[in-house]
Asks: 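Could you have a look at this structure, given as structure tokens, before my questions?
Nothing here was measured: the structure is a model prediction, and the numbers come from that model. Throughout, a chain's letter reflects where its sequence line sits, starting with A, and its residues are numbered from 1.
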Amino acid sequence: MTNLCFQRELRLVTPDHYKRVFDNPVKASSPNITILAKPNDLEHMRLGLIVPKKVLKHAVDRNRIKRLTRNFFRLNQHRLPCLDYVFIAKGKIGDMTNNEVVNLLEKLCTVISRRSKKSV
RNA sequence: UGAGUCGGUCAGACAAUCGCCGCCCUUUUUGGGGGGAGGAAAGUCCGGGCUCCGCAGAGCAGAGUGCCAGGUAACGCCUGGGGGGUGUGAACCUACGAAAAGUGCAACAGAAAGUAUACCGCCUUUAUGGUAAGGGUGAAAUGGCGAGGUAAGAGCUCACCGCGCAUCUAGUAAUAGUAUGCGGCAGUGUAAACUCCACUCGGAGCAAGAUCAAAUAGGUUUCCGUUAAUGUUGCUCGCAUUGGAAACGGGUAGAUCGCUAGAGUCUGUAAGUGAUUGCAGAAGUAGAUGAAUGAUUGUCACCGCAAGGUACAGAACCCGGCUUAUGACUGACUCACACA
RNA sequence: GGAUAGAUGACCGAGAGGCCGAAGGUACUCCCCUGCUAAGGGAGCAUGCGACCACAAGUUGCAUCGAGGGUUCGAAUCCCUCUCUAUCCG
């Protein structure tokens, strides 16, 4: 039985964490989503979310994207390499359905894990 | 059936699995229980509570409100009533005090814009005459109509209508009246222009503020001093701090508190036309902080040919309103047409 | 979360009840100047709907100063509501 908990240690909390990831990361991008990643010293992955107000005007839509993304990383945390991830929403992500977003995340994460192995 | 007016209710439902954020119990790593967005959580347009500014003060300035009465913690809100307006109607709208305290503005046109030396005209008989009936301009031109009167005219006089004032009656009042009397009628509009009158308002806001406290030192307390600067509101006064000396303790990052039971909701009953209030009873704790309240599956409801989707929309100290966004169901009423 | 400011032609920006479709500048178009270019000078230059008109050009009416209401004889300007943009507060 795997533990699918997703608590505070698995999140990027302070601005310093974000700055560290922005400095020379591994990238995977699509028109609506960009994911940055960088290896960390911990035994688990961590996730940070950036959903700008300019991309999604309403708080309801922003919450929807954040919850979807968090849920995806929670369910897949043991399959993914131990990196610090930063998720950036952009473009017309608000027009996508939940299934489309999940499939796109799946695709981008495989790209990330492949590239990070190469760089290591 | 169609069109419309005014309200009311709900905010897809149930189950399973995996999670997130508080709380309680047991236990120290788990297990169990129970709770978890809104009617607008929104805009921040008003009013309060709460916190600090010396518990908050004096004067001026400034801002707001503006028919009357009531409700309320308070309000610019609500209820009832009056006046005015819109609509065939149900209904709805209404910053609705004062223009005779004073000042300003009224383009163009027009003779003239609040002031009458009156442009054309009319009358008389020539003068610095009388006249406001007719004309044209404009958003607006000094009551309307008829009769008398006159040189021609004119509220100059009279009747009716309108207007203003006083009294009376009804009403707590705003106000109203087939009421009575007086005034012959002067003064156009604008106060969402200044202003006057009446009433209200100290300032900032939970990023308020309080406690514990790495770094670092620019500090704190007492006494002296009162020019200047800063703060307390825009200003003045008043007050505090900065300055000098002596003595020792201060508090940025971060953490914790503030943080949720409240002028609350529902039901019954009494008072009241009603807003609302009194009494009795019942149910019920969202409290995060780079920010929880979700995802998947199944059945049913609705939309869609189907894939699929479920109106508007996400708490950030808390309440009372207003405004805006918006789906479905439902009640009462109005108008039109058709049928009986 | 709270506090504040603003929105005017393609762009910047003045105007703060009537003379205002709206100064001025930049950009753009045409003309002059020059052998050519730059600079300089002159003229033009918002959009929509309609009328005159065979068409074009030209003339002209109405509407529009973020949107919708209100006050006023008259609103870019005053008042209210909404939309959007920007700034400040740890």
Asks: Distance between the P atoms of B:A101 and B:G238, in whole angstroms?
Replies: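 Those two atoms are separated by 42 Å.
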Asks: May I have the distance from A:N99 (atom CG) to B:A295 (atom P), rounded to whole angstrom?
Replies: 12 Å
Asks: Go ahead and name the base partner of B:C248; Watson-Crick or wobble counts if both distances stay under 3.5 Å, otherwise write none.
Replies: B:G219
Asks: Given B:G19, is OP1 or OP2 found less than 4.0 Å from the side-chain N or O atoms of A:R70?
Replies: no
Asks: Across all strands shown, which nucleotide pairs with B:C156 by Watson-Crick or G-U wobble geometry, both distances under 3.5 Å?
Replies: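 Pairing partner: B:G148.
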Asks: Return the value, rounded to whole Å, for the distance between atom CZ of A:R74 and atom P of B:C20.
Replies: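 So the CZ-P distance, A:R74 to B:C20, works out to 7 Å.
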Asks: Test of understanding: with salt bridge (Lys or Arg N to Asp or Glu O under 4.0 Å), list the residues that count as partners of A:E106, not counting sequence neighbours.
Replies: A:R79
Asks: Under 3.5 Å for both donor-acceptor distances, Watson-Crick or wobble: does B:C279 have a partner, and if so which one?
Replies: B:G268
Asks: If the C1' atom of B:A106 is compared with that of B:C194, how far apart are they to the nearest Å?
Replies: 16 Å
Asks: Considering Watson-Crick and G-U wobble pairs with both distances under 3.5 Å, what does C:C49 pair with?
Replies: C:G61
Asks: How far, in whole Å, is B:G81 from B:U94 if one measures between their C1' atoms?
Replies: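 To the nearest whole Å, 15 Å.
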Asks: Regarding A:R62, tell me which of base, sugar-phosphate or nothing describes its non-hydrogen contacts under 4.0 Å with the strands shown.
Replies: nothing
Asks: Taking A:K27's backbone N and O only, do any of them form a donor-acceptor pair with A:R115's side chain (distance below 3.5 Å, no angle check)?
Replies: yes
Asks: Could you tell me the Watson-Crick or G-U partner of C:A54, where both distances fall under 3.5 Å? Say none if there is no partner.
Replies: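 Checking every strand shown, C:A54 finds no partner, since no pair has both distances under 3.5 Å.
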Asks: How many whole angstroms separate atom CZ of A:R67 from atom C1' of B:C18?
Replies: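 Roughly 17 Å, once rounded to whole Å.
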Asks: Between A:D61 and A:N71, name the one whose nearest nucleotide on RNA chain B is closer to the 5' end.
Replies: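 Nearest nucleotide further toward 5': that of A:N71.
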Asks: Under the side-chain hydrogen bond (donor to acceptor under 3.5 Å, both in side chains) test, which residues partner A:N71, sequence neighbours left out?
Replies: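 Per chain and number, A:N71 pairs via side-chain hydrogen bond (donor to acceptor under 3.5 Å, both in side chains) with A:R74.
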Asks: Hey, is B:C55 sitting syn or anti, using the within-90° cutoff around 0?
Replies: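 This nucleotide is in syn.
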Asks: Any non-hydrogen side-chain atom of A:S116 less than 4.5 Å from a side-chain atom of A:L83?
Replies: yes
Asks: Have a look at B:U260 and give me syn or anti from its glycosidic angle (syn if within 90° of zero).
Replies: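 B:U260: syn.
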Asks: Rounding to the closest angstrom, what is the interatomic distance between B:G12 and B:G43 at atom C1'?
Replies: 29 Å
Asks: Using whole Å, report how far NZ of A:K66 lies from P of B:G19.
Replies: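 After rounding, the gap between these two atoms is 23 Å.
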Asks: Give the rounded distance in Å between these two atoms: CG of A:N76 and P of B:U296.
Replies: 14 Å
Asks: With rounding to the closest Å, how many angstrom separate the C1' atoms on C:G21 and C:G48?
Replies: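 Per the computed distance, 14 Å lies between those C1' atoms.
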Asks: Find the distance A:L49:CG to B:U289:P and express it as a whole number of Å.
Replies: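 Those two atoms, CG and P, are 15 Å apart.
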Asks: Within the structure provided, determine whether A:M45 and A:L47 are in side-chain contact (heavy-atom separation under 4.5 Å).
Replies: yes
Asks: What's the base orientation of B:A37: syn (chi within 90° of 0) or anti?
Replies: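 Chi for B:A37 falls in the syn range.
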Asks: Is it the case that one hydrophobic cluster holds both A:Y85 and A:V102, taking links as side-chain heavy atoms less than 4.5 Å apart, direct or via other members?
Replies: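 Yes, same cluster.
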Asks: Please say yes or no: joined through hydrophobic side-chain contacts below 4.5 Å, possibly via intermediate residues, are A:I65 and A:L104 part of one cluster?
Replies: yes
Asks: When the P atoms of B:C158 and B:U178 are considered, how many whole Å apart are they?
Replies: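 About 27 Å, rounded to a whole number of Å.
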Asks: Going by modelled atom types, is there a donor-acceptor pair between the base of B:G314 and the side chain of A:R64 at under 3.5 Å?
Replies: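 For A:R64, whose side chain was compared with the base of B:G314, there is no donor-acceptor pair (under 3.5 Å).
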Asks: What is the distance, rounded to the nearest whole Å, between atom CG of A:L75 and atom C1' of B:G19?
Replies: 8 Å
Asks: If we take the P atom in both C:G25 and C:C45, what is their distance in whole Å?
Replies: 15 Å
Asks: Which whole-number value in Å describes the distance from A:N63 CG to B:A316 P?
Replies: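 From A:N63 CG to B:A316 P: 12 Å.
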Asks: Could you tell me the Watson-Crick or G-U partner of B:U230, where both distances fall under 3.5 Å? Say none if there is no partner.
Replies: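 Answer to the pairing question: B:A240, which forms a Watson-Crick or G-U pair with B:U230.
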Asks: Within 90° of 0 counts as syn, otherwise anti: where does C:G48 fall?
Replies: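 The base of C:G48 is oriented anti (glycosidic angle more than 90° from 0).
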Asks: Is B:G274 syn or anti, taking syn as a glycosidic angle within 90° of 0?
Replies: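 Because its glycosidic torsion lies more than 90° from 0, B:G274 adopts the anti conformation.
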Asks: Could you give the distance separating B:U5 and B:U297 at their C1' atoms, to the nearest angstrom?
Replies: 48 Å
Asks: Given that both distances must come in under 3.5 Å, which nucleotide forms a Watson-Crick or G-U wobble pair with B:A91?
Replies: B:U86
Asks: Name the pairing partner of B:A176, where a pair is Watson-Crick or G-U wobble with both distances under 3.5 Å, or state none.
Replies: B:U169
